[in-house]
Amino acid sequence: MDKKAKEISRRLAAWYHKAKRDLPWRNTSDPYSILVSEVMLQQTTVSVVEPYYLRFLGAFPDVSALARAHEEDVLRLWSGLGYYRRARLLHAAAKSIVAQHDGRVPDNVTTLRGLPGVGRYTAGAVASFGYGKAAPIVEANSARVLTRLHAYRGALKGSKTKQALWDFAEELLPSDNAREHNYALMELGSLICVPVKPLCESCPIAFACAAHVNNLTDSIPPASPKPAKISVHFAGVVTERDGRYLVRRIPEGEWHHGLYEFPKITISAKTSCKKAREMLGDLVHLYGSCIDPAPCMSIKYTVTHHRVTLQVWRAYVKTADVVCDYPDILSWVSAEKLRKLPFGSAQKKIVKLITGRLDSLNTES
DNA sequence: GAGACGTGGTC
DNA sequence: TGACCAAGTCT
């Protein structure tokens, strides 16, 4: 570590000491809690993660509790966070830690990387935040800081750039105090060295920043091209019979597998409203006969490169003879049970509407 | 190495 | 309102 790197790290640490946010996962050095927070924070913002993190640790306070849990309960606590594979991999990691590491989260990068869902970043984060090991980290925030610091022009996604960034991170890392140093680098990227209009006048390391000195912060790092979005439409039915609701467990191989949903159809751009009603009629007919399904709500949301519209229809089934083609994945559940099943974000809103309506009815009576 | 994988917040 | 962004990993 040369003299300049030392000075950068020193100023960074001093700034962090004054500017850091108070976040729940920074008040612990429990490696398991750190691991949970790091997985949740992958591609997800701090404000969204906070309540999920607290609930998750409340339900699974240690590795063995998570290892013992049913996958459905793990998914339910993840419901709404997205990237559900993370939840399954974290669950698998907990099982692996119990089975192969004597229940103790590994303390070195190499062993950590052997865990499901733990890549180079997360391994470095757990080693440095949880154990104070001198392990470098590179993620979106620190990557931005490092490319600007060195006025490195390569595209962020490129493999050459990635290697360069890990080299930069390693060079800058002090032999002691890696934990605070890594937090500081990320916090700087998060609060000061932001993607658009970075606050260089408030930056403690602007003096050493090649992009700042050369007025290149607008073009470094270069914007990465995004895939075009396409539209997808779904129509689903909420089918109720004697206070129970028909739900489908999404099977392996489908989007959101492992979660639950209300039976739905996919509508192409060319599907007319009339045709959609017919298809829904067929869908509902599978489960019995229905009384005039009518749309009751529409939810729009965006998924990576899809623009998704979900229309929800409500149907009332009047016969007790229900045809079930897939009895293993279709079931009638009470509103109470509905609350305890994992749903994706849009469908979770529907559950909330149903249970919320029932709650208000109960309160009135 | 490109593409898949979710969602909510921000400007 | 829409485009962009966020503590990545896996295939």
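Quick caveat, the model's predicted, so the values are computed rather than measured. What's counted below: heavy atoms across the whole structure, side chains too, no hydrogens, waters or symmetry copies. So you know, we letter chains A, B, ... as the sequences are listed, proteins then strands, and number each from 1.
Using a 4.0 Å heavy-atom criterion, one finds that A:Ser142 contacts no nucleic acid atom at all. Among the protein residues, A:Ile137 comes within range of no part of the nucleic acid, since none of its heavy atoms lies under 4.0 Å from any strand. Looking at heavy-atom distances under 4.0 Å, A:Ala125 makes no contact with the nucleic acid at all. Residue contacts for A:Gly158: at a heavy-atom cut-off of 4.0 Å it reaches no nucleic acid atom on any strand shown.
Taking atom CH2 of A:Trp255 as the reference point, atom C1' of B:dG3 lies 12 Å away to the nearest angstrom. We find that CZ of A:Arg120 is positioned 16 Å from C1' of C:dC10, with the value rounded to whole Å. Rounded to whole angstrom, the span from the CG atom of A:Leu156 across to the C1' atom of B:dA2 amounts to 16 Å. Taking atom CZ of residue A:Arg113 and atom C1' of nucleotide C:dT9, one finds them 9 Å apart after rounding to whole Å. Distance A:Leu112 CG to C:dT9 P: 11 Å, rounded to the nearest Å. One interatomic measurement links the two molecules: CD of A:Glu139 to P of C:dT9, which rounds to 10 Å at whole-angstrom precision. Separating the OH atom of A:Tyr83 from the C1' atom of B:dG8 is a distance of 12 Å, rounded to the nearest angstrom. The separation between A:Leu90 atom CG and C:dC10 atom P is 12 Å, rounded to whole Å.
Here the separation of B:dG8 from C:dT9, taken at their P atoms, is 23 Å to the nearest Å.
Salt-bridge annotation for A:Glu7 and A:Lys4: absent, with no side-chain N of the basic residue lying under 4.0 Å from a carboxylate O of the acidic one. One finds no salt bridge joining A:Lys340 and A:Glu336 here, because no Lys/Arg side-chain nitrogen approaches an Asp/Glu carboxylate oxygen to under 4.0 Å.
Between A:Glu139 and A:Glu38 the shortest side-chain heavy-atom distance does not fall below 4.5 Å. Residues A:Leu172 and A:Leu149 meet the side-chain proximity criterion, which asks for heavy atoms closer than 4.5 Å. Annotation: side chain of A:Leu115 is not in contact with side chain of A:Thr122 (no heavy-atom distance under 4.5 Å).
In terms of position along DNA chain B, the nucleotide closest to A:Lys160 lies nearer the 5' end than the nucleotide closest to the other residue of the pair A:Lys160 and A:Gly344. Residues A:Arg144 and A:Gly117 both approach DNA chain C. Their nearest nucleotides, taken by heavy-atom distance, put A:Arg144 toward the 5′ side. If A:Arg88 and A:Lys157 are placed on DNA chain B by their nearest nucleotide, the residue sitting closer to the 5' end is A:Lys157.
Between A:Phe129 and A:Tyr183, the angle of the ring planes stays under 30°, which puts this pair in the parallel group of the 30/60° scheme. Ring geometry for A:Tyr53 versus A:Trp25: interplanar angle over 60°, hence perpendicular rather than tilted (30 to 60°). Between A:Phe168 and A:Tyr152, the ring planes are perpendicular. Angles over 60° get that label, and only those under 30° would be called parallel.
Evaluation of the salt bridge (charged side-chain N to carboxylate O under 4.0 Å, His left out) rule for A:Arg26 yields A:Glu187 as partners, not counting sequence neighbours.
Once rounded to the nearest 0.5 Å, the distance linking CZ of A:Arg244 with OG of A:Ser331 reads 9.5 Å.
A donor and an acceptor atom sit less than 3.5 Å apart, one in the side chain of A:Arg85 and one in the base of C:dT9.
Using a 4.0 Å cut-off on heavy atoms, the residues of residues 186-202 of chain A that approach DNA chain C are A:Met186, A:Pro195, listed by number. A heavy atom lying under 4.0 Å from DNA chain B marks the following residues of residues 33-61 of chain A, by number: A:Gln43, A:Thr44, A:Val48.
Nearest to the side chain of A:Tyr121, among C:dG8, B:dG6, B:dG8, sits C:dG8. In this structure, the nucleotide among C:dC10, B:dT7, C:dG8 sitting nearest to the side chain of A:Leu89 is C:dC10.
OP1 or OP2 of B:dT7 sits under 4.0 Å from a side-chain N or O of A:His256.
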